[in-house]
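Here's the structure we're looking at; comments come further down.
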2 protein chains.
Amino acid sequence: MNKPPSFAEGLLQYVEELKDESEMTEKQRNILRASVKLFAEKGFHASSTSEIAKEAGVAEGTIFRHYKSKKDILLAVVAPVLVKFAAPFILKDVREIFKERAQKPFGEIVTELYRNRLNLVVANEKHIRILLQEAFFHDEIREALISTVFEDAKVMAQKLIEAKVDAGELRPLPSQAVFRAVLSAMIGLVLFRQVLDKDDYAAYSDEEQIAMTVDILLNGIAK
Amino acid sequence: MNKPPSFAEGLLQYVEELKDESEMTEKQRNILRASVKLFAEKGFHASSTSEIAKEAGVAEGTIFRHYKSKKDILLAVVAPVLVKFAAPFILKDVREIFKERAQKPFGEIVTELYRNRLNLVVANEKHIRILLQEAFFHDEIREALISTVFEDAKVMAQKLIEAKVDAGELRPLPSQAVFRAVLSAMIGLVLFRQVLDKDDYAAYSDEEQIAMTVDILLNGIAK
DNA sequence: CATAAAAGCGAGTGATTACTCACTTATTAC
DNA sequence: GTAATAAGTGAGTAATCACTCGCTTTTATG
């Protein structure tokens, strides 16, 4: 009775209420933009509403006209990114595309996946920063991230992997381990490019880095 | 001209000042323990000094008797973990061991590395949580982490990799890409075990998971 | 045992926090 | 054109923040 809304319910409910940017006032857009900037720089808790107001060129009261609490701003910032990440796995017609693609060699599928996700991350760097930061503390956000994005991706990926194993294209390893390898390589790619090793990464183009990563994923590093 | 202390200087200086737990008073140990608990649960900024005092069973004034500011507590919490992570790459005699090991097959070296680091993470879960969380915002911590731990590890690993390539044990890939593959697999292993996929991970033992990961790293997933 | 230093205390500090509310200005609907 | 609704304001609020300081208690030293 009255059990708290699950990941999908909570998120999707919020998504329903999500306004399109076009139907916001100028000031409201400024508030969001300022919040993204400050949250990404100093974190949610370290950014005060008075700072946000100043950065947005708005009275502090205006903020609470649009968002009933500070945390509400965070959700408004984070939800769209979560949706973008989750979308490919939620939307049915994209699943269809995935099915069509299942005929392609696994290497090509993964290459396309890495390319796609890398672009997504680069284009939404700040938002993703905020999303990850806050996923550390806010259970709702972390659970939404894992349940919505990760679990769905896992199910789809493992199906594909098992099919490819049956087709003799991949080695008969536990699909769990293969999925981890695919995802790890992707995370590593993003992490090195964006955080850890920017300089050395740039010695090759994105396309080359992806190709090397897929090559190693498929064929290993041993001679 | 008064240039800011580099990673190693700054860190090592702080480490010098690090008290051993044994030479702390009961209350001071309680303060640290309480801080670790709260920082891990709610983050640094969201934890107030009054909460820490209450959790530690101590007057708020006592905290500032031992730590001159709240941020000082964070550094006292984080520094020992940073040292643990960095130690293998800083200590010279460990480098020697690494040289001896260089004769072993690459797969064995990596297996040992994964085993070692996985234990480290499991044994220091909360501290590492705090370290990563705060590395997002505090430049000093992030830079210490990258400069001290990552860069040193990279240099050592790439030397080893290049030696193994020359010896014909590894494929002649850019050592950068190989290093990324090795580290990505390790991060993925930890991430799946601790955060993303606890349940399914447990279907195999740590030792089995490591073995599969190394197998995939060396030989790839393709047939 | 005497004395000094360190550890511990908690009421009190000004600054800042998220948020409210009575009010004004702009937009929409008929 | 006027009534109603929404958007915007900024002074004000109680609570909380990190931190201080005068004081007491404990521990170490000779």
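Chain naming here is simple, since letters A, B, ... match the order of the sequence lines and numbering starts at 1 in each. Keep in mind that this is a model prediction, so the values were computed, not measured.
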Is there any side-chain hydrogen bond (donor to acceptor under 3.5 Å, both in side chains) pair reaching into residues 118-133 of chain A, and which pairs are they, with sequence neighbours excluded?
A:Lys84-A:Asn124

Can you name the residues that form a side-chain contact (heavy atoms from CB on, under 4.5 Å) with A:Leu132, not counting sequence neighbours?
A:Ile128, A:Leu145, B:Phe136

Check: A:Phe192 ring centroid to B:Phe150 ring centroid under 6.0 Å
yes

Measure from the ring center of A:Phe39 to the ring center of A:Phe44 and say whether it is less than 6.0 Å.
yes

Please work out which residues in residues 129-139 of chain A have a non-hydrogen atom less than 4.0 Å from an atom of DNA chain D and list them by number.
none

Rounded to whole angstrom units, what separation is found between the CE atom of B:Met24 and the P atom of D:dT26?
23 Å

Per-nucleotide protein contact string for nucleotides 8-26 of chain C (B base, S sugar-phosphate only, - none; heavy atom under 4.0 Å):
BBB------SBBB-B----

Between A:Ser50 and A:Glu60, is any side-chain donor less than 3.5 angstrom from a side-chain acceptor?
no

Does any pair with a residue in residues 184-195 of chain A pass side-chain hydrogen bond (donor to acceptor under 3.5 Å, both in side chains), and if so which ones, sequence neighbours excluded?
A:Arg193-A:Asp206

Estimate the overall bend of the helix from C:dC1-D:dG30 to C:dC30-D:dG1 from the end axes over five pairs each, rounded to 10 degrees.
30°

Distance, nearest 0.5 Å, that separates CE of A:Met186 from CG of A:Leu113
5.5 Å

Using only heavy-atom distances, determine whether the side chains of A:Arg65 and A:Gln28 contain a donor-acceptor pair under 3.5 Å.
no

